[in-house]
Peer 1: 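The following block contains the structure, expressed as structure tokens.
Side chains included, hydrogens not; waters and symmetry mates left out as well; all remaining heavy atoms used. Numbered from 1 within each chain, the chains take letters A, B, ... in sequence-line order.
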Amino acid sequence: MAYSDKVIDHYSNPKNVGTLDKSSKSVGTGLVGAPECGDVMRLQIEVDDATGLIKDAKFKTFGCGSAIASSSLATEWLKGKSVDEAVKIDNMDIVEELNLPPVKIHCSVLAEDAIKAAINDYRQKNGLEELTFEQKGVH
Amino acid sequence: MQDMLKLPIYLDNNATTPMDPRVLEAMLPFFTQHFGNAASRNHQFGWEAEEAVDYAREQVAKLVGADAKEIIFTSGATEADNLAIKGVFEMYASKGNHIITVTTEHKAVLDTCKHIEKVGGEVTYLEVNGDGLIDLTLLEAAIKPTTVLIAIMYANNEIGVVQPIKEIAAIAKKHGILFFTDATQAVGKIPVDVIKDGIDLMAFSSHKMYGPKGIGALYVRRKNPRVKVTAQMDGGGHERGMRSGTLNVPGIVGFGKACEIARLDMEKDTKHIVVLRDKLENALLELEESYLNGNKEHRLPHVSNISFKYVEGEGLMMGFNKNIAVSSGSACTSASLEPSYVLKALGLGDDLAHSSLRFGLSRFTTEEEIDYTIEAVRNTVLKLREMSPLWEMFKEGIDLDTVEWAHH
């Protein structure tokens, strides 16, 4: 199976690889997937308390090229968005942007889940009610 | 010497091998010049083809210590596996309906056995030890009065582990059971002798030993005991009635030549390959948290299967697959998302199975290629670990087994 140029680009030059301080109140961390499924994503957002905008986003991913690309792309999209906007990122947007084939759609679902998990972690830390999402359940 | 290196590098020789130019040369006249049907008994074209097939049959038989009459040409090992298992099951139906095989067999054997179960047979699937070898006491304990066939591969296609064939054959003989082995990965790579090994039926294939694709063979013993299989295709009664269909003459000629070269060059090839394989393996095992899969001693000379923990196999391959071809036990591309059933049968966790690469060398592999591969794999593993949350957790001393993962 050939990868799209965009997947290759994100894989070769991943954006925003790294770790934010997960104990910080302004950082939300989402850890999704499982080693035995072959992919684990950790996505973190740092929210600017004054503006409510996501000022930084970092990821680390164990997985195939498409999983790495999906999380790299997600961090790019997250930066500069408000938390409310970030919630709206849909896995199909990732699929479209990266030209993921059907067998790799689960990678985009995982990225969306990671975003939501990070947002909920942030909300919970800041005394906000956690959002509930419907399961996409591709796995 | 880097300037002599030609990219991409092919290290997936357990999937298929490049054809040896000497094989191609032997085959060429049989496409356009000597194109006859080996079954045409009444003219020169047929005689030429038949003569070429007879000669090739000798070459094939000689490599495995068989008599030429015991070689049945098929389209490949999958067909030979089917013919052996279904053919014995049907031919010996009056004796019993039980077959013993192993969980790490190739799908061509496992799926054929599943078919046997659907048509009223009973199949025992033996587990393997952590090193991929079977336990002979478990094998003997699995034998029933109704057992007609033991089907155990010579060497495994993913990890290269070589089963104790002589011992298995002795157990089969003691109980009056036929012994079939899928020797696709072994023939042409290590000495295989159907008489010394005590094999009754054996499947093998040309394209794993530098011959053409689309041709393989089933060895069917003719003496002590005389074995028969029920044909699985109806037709002209070729191959002593066991496999109908016009013979693939150019393929057979190529297969014969490949067998001859393998027999004459095996020692030389093995020496060359083992040195390179060990160099590759030792260098990669120096990486932290990398593990060899399968028994190190009892295995093929040209395979190395290594897990690089905390890195996913497909992601790893992507780091160099423009320049190096290997395969992975990660099945991230398959619809099931299940990692290699062979590695799982060794008791490896899914995480290690997902993290594995199989390197398969050939007689054409060069030291420059191995040096390049070591460098590329090492760099990619290190790069991906920097990107891996699991690696970070491991380095922080977190036991990943205690983490509650968000399973999908």
Peer 1: Which region of A:P14, side chain (C-beta onward) or backbone (N, CA, C, O), has a non-hydrogen atom less than 4.5 Å from a non-hydrogen atom of chain B, or is it both or neither?
Peer 2: side chain
Peer 1: Examine B:Y210 together with B:F364 and report whether their ring centres are nearer than 6.0 Å.
Peer 2: yes
Peer 1: To the nearest 0.5 Å, tell me how far A:K55 NZ sits from A:D48 CG.
Peer 2: 5.0 Å
Peer 1: Specify which of A:I68, A:I8, A:T19 makes the most heavy-atom pairs with chain B at under 4.5 Å.
Peer 2: A:T19
Peer 1: Can a side-chain donor-acceptor contact be found between B:S307 and B:N293 if the only test is distance below 3.5 angstrom?
Peer 2: yes
Peer 1: May I ask you to name which of B:L390, B:V403, B:N321 has the most heavy-atom pairs under 4.5 Å with chain A?
Peer 2: B:L390
Peer 1: Considering only heavy atoms, which portion of B:L316 lies under 4.5 Å from any heavy atom of chain A: side chain, backbone, both, or neither?
Peer 2: backbone
Peer 1: With a 4.0 Å cut-off on N to O distance, would you call B:E392 and A:R42 a salt bridge?
Peer 2: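 A salt bridge is present here (some side-chain N lies under 4.0 Å from a carboxylate O).
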Peer 1: Is it the backbone or the side chain of A:V17 that comes under 4.5 Å from a heavy atom of chain B, or both, or neither?
Peer 2: side chain
Peer 1: Is chain A contacted by the side chain of B:K383, its backbone, both, or neither, given a heavy-atom distance below 4.5 Å?
Peer 2: side chain
Peer 1: Output the distance between atom CG (B:L382) and atom CZ (B:F308), rounded to the nearest 0.5 Å.
Peer 2: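 Those atoms lie 10.5 Å apart.
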